[in-house]
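These notes concern the structure reproduced below.
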Amino acid sequence: MLRHILVSYLFAGLSSQAPLSRLKQSSPLKFKADGTFQLSIFEDLHFGENAWDQWGPQQDINSVQVINKVLDFDTPDLVVLNGDLITGENTYLENSTDYLDMIVRPMIDRGLSWASTYGNHDHQVNVTGRTILERERRWPNARTSQMVFGREAGVSNYYLPVYSSNCTKTAQCTPELLLWFFDSRGGFYFQEWDGDGSKVGQPNWVDSSVVDWFRQTNQKLVAQHQKTIPSLAFVHIPTYASLMLQTKSGVNGNRQPGIDDDYPLAPQAQGWCPDGRNDGSCSYGEQDIAFMQAITETAGLMALFSGHDHGDTWCYKWDTLLPGMTVKGNGINLCFGQNSGYGGYGNWIRGARQVLISESKLEDLAIDTWIQLESGDTVGSVSLNSTYNQDHYPETPNDKTHCPTCDYHHDPAT
Ligand SMILES: *[C@@H]1O[C@H](CO)[C@@H](O)[C@H](O)[C@H]1NC(C)=O
Ligand SMILES: *[C@@H]1O[C@H](CO)[C@@H](O)[C@H](O)[C@H]1NC(C)=O
Ligand SMILES: *[C@@H]1O[C@H](CO)[C@@H](O)[C@H](O)[C@H]1NC(C)=O
Ligand SMILES: *[C@@H]1O[C@H](CO)[C@@H](O)[C@H](O)[C@H]1NC(C)=O
């Protein structure tokens, strides 16, 4: 076993670096003494592309650099990996989770902890949420877990409480903030083929068993603490509401600053029929309605952060009943992050969304957020407060990473 681990690290190209140190078991998340708590959200890192040529491994090196640079420019209290950590359709069964060690090394080096959601590319024939989670849990800095079980639940469904800095016994404290993580699944079932030898597609929405767990767990927490606890949520694939905001209301560069190149964007339940078929005959099956109802009925839930659509980086306050929808927005902010990886499609400049939560603003359910780019620049700084959508901000420049060897090339042979 030990030999296997060592060999894996050698293959992962980590042998030239300092020995991997094991940090002490993660302690509870807490606000800093100044009353703030900051997140860095990396999304769509897409490690492990084209392992068989030189381009793929070079993109992994570039993506590690993005993480290192962002963490040095603006060190957070928690890193969120918001799905598509690994391009699973390109990786080999034997070593597909080795890439996880490369991804988390920058956090290990800095003594930071992280929490993941899994994306459609993390659920493939040769890798899946369960195997990535096992690999993550080798590291005490991993806060990713699984609180809902069953074939249809996905894996990365859990929550993390964040306590005030003055809390000494967490069992006796009321969390100041809750972080909810959801698995929007998609991709394919692990090591499954149908009678024709084809991969078996996995539904691409948050399952109703997870929605039930979310509602019940939140109700219990409210009852236990006699308080609505402010919260944030993370899911890889955005909901249909993001698509309707984009196409019916329209993203305004000064009101919802950010890149809006993935138009129309790809939401949950895309490509599925209401009756559960995914044979290409339907564009949208409405299976994310239960999840949208739950998030709009959860008091204190300030924002839902997604990735998946690499070319979209805006936040939109969803506060209306949009044409063609049955669920009405309650003012929750639906945000994309910034494309972080050199694998995966697109050349939009790489970076990470930063989220600053201040205890003093939680009474108004307001948070601040901006994008830290690997260039060192920050863009798209906004306050997600009660007047977001009306406040005027500078437009976000639509910059690309100029790097001839980085251009996306995906070998259709796989
Ligand atoms: C996984 O194995 C393949 C095939 O041997 C190899 O090309 C690739 O570099 C390996 N990846 C890692 C992360 O070790
Ligand atoms: C999965 O891993 C196996 C074993 O290494 C490999 O033969 C296959 O090409 C990989 N990819 C897919 C999509 O099955
Ligand atoms: C700890 O800080 C929180 C938030 O600032 C405050 O509400 C609470 O009263 C403080 N508790 C103690 C014991 O000081
Ligand atoms: C929301 O934040 C913006 C930008 O900081 C500010 O101009 C606006 O006044 C704030 N709105 C409220 C209600 O505080």
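Ligands are counted one by one from 1 in listed order, and the atoms in each one are counted from 1 as well.
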*asked:* For atom 4 (C) of ligand 4, what's the nearest protein heavy-atom neighbour? Residue, atom name and distance, please.
replied: Tyr393 OH, 3.4 Å
*State whether a side-chain donor-acceptor pair under 3.5 Å links Thr144 with Glu136.*
yes
*For side chain to side chain contact (heavy atoms under 4.5 Å, CB included), just list the numbers for Trp314 and Leu334, CA-CA rounded to whole Å, side-chain angles, deciding distance to a tenth of an Å, and then say yes or no.*
CA-CA 8 Å; Trp314 39 265; Leu334 303 181; 5.6 Å; no
_4.0 Å heavy-atom contact, Asn90 with ligand 2_ = no
*Could you check atom 9 (O) of ligand 4 against the protein and tell me its nearest heavy-atom contact, residue, atom and distance included?*
Thr387 OG1, 4.5 Å
*Hey, which atoms in ligand 2 end up nearer than 4.0 Å to a heavy atom of Thr91?*
1 (C), 10 (C), 11 (N)
*Test Arg185 against every option in Gln202, Glu152, His123 by the side chain to side chain donor-acceptor pair (under 3.5 Å) rule and name the one that passes.*
Glu152
*Test the Arg151-Tyr189 pair against the cation-pi criterion, namely NZ or CZ under 6.0 angstrom from the six-membered ring centroid and within 45° of the ring axis.*
yes
*Hey, which atoms in ligand 1 end up nearer than 4.0 Å to a heavy atom of Ala51?*
7 (O)
*Does Phe336 have Arg353 sitting over its ring (NZ/CZ under 6.0 Å from centre, angle to axis within 45°)?*
no
_Can you confirm, on distance only, whether ligand 1 has an N/O atom lying under 3.5 Å from any N/O atom belonging to Tyr92?_
no
*Is there a nitrogen or oxygen of Leu93 sitting under 3.5 Å from a nitrogen or oxygen of ligand 2?*
yes
*More than 12 heavy atoms of other groups within 6.0 Å of Lys328 NZ*: no
*Which ligand 2 atoms, with their elements, are less than 4.0 angstrom from a heavy-atom of Glu94?*
4 (C), 5 (O)
*asked:* Considering both backbone and side-chain atoms of Asn385, is one of its nitrogen or oxygen atoms within less than 3.5 Å of a nitrogen or oxygen in ligand 4?
replied: yes
*Pick one: which of Tyr158, Phe291, Phe182 meets ring-ring contact (aromatic ring centres under 6.0 Å, His included) with Phe214?*
Phe182
*Which atoms of ligand 4 sit under 4.0 Å from any heavy atom of Ser383?*
2 (O), 5 (O)
*Kindly indicate whether atom 11 (N) of ligand 4 is approached by any protein heavy atom to under 4.0 angstrom.*
yes
*Is it true that Asp368 and Lys361 have a side-chain N and a carboxylate O under 4.0 angstrom from each other?*
yes
_Sub-4.0 Å heavy-atom approach of Tyr388 to ligand 4_ = no
_I'd like to know if Lys199 pairs up with Asp194 as an ion pair, taking the criterion as any Lys NZ or Arg NE/NH1/NH2 lying under 4.0 Å from an Asp or Glu carboxylate oxygen._
no
*asked:* I want to know whether Tyr240 and Tyr284 have ring centres closer than 6.0 Å.
replied: yes
*Where on Asn126 is there a heavy atom closer than 4.0 Å to ligand 2, on the side chain, on the backbone, on both, or on neither?*
side chain
*By number and element, which atoms of ligand 4 are closer than 4.0 Å to a non-hydrogen atom of Ser386?*
13 (C)
*asked:* Given Asp101, Asp53, Asn95, identify the one with the heavy atom nearest to atom 8 (C) of ligand 1.
replied: Asn95
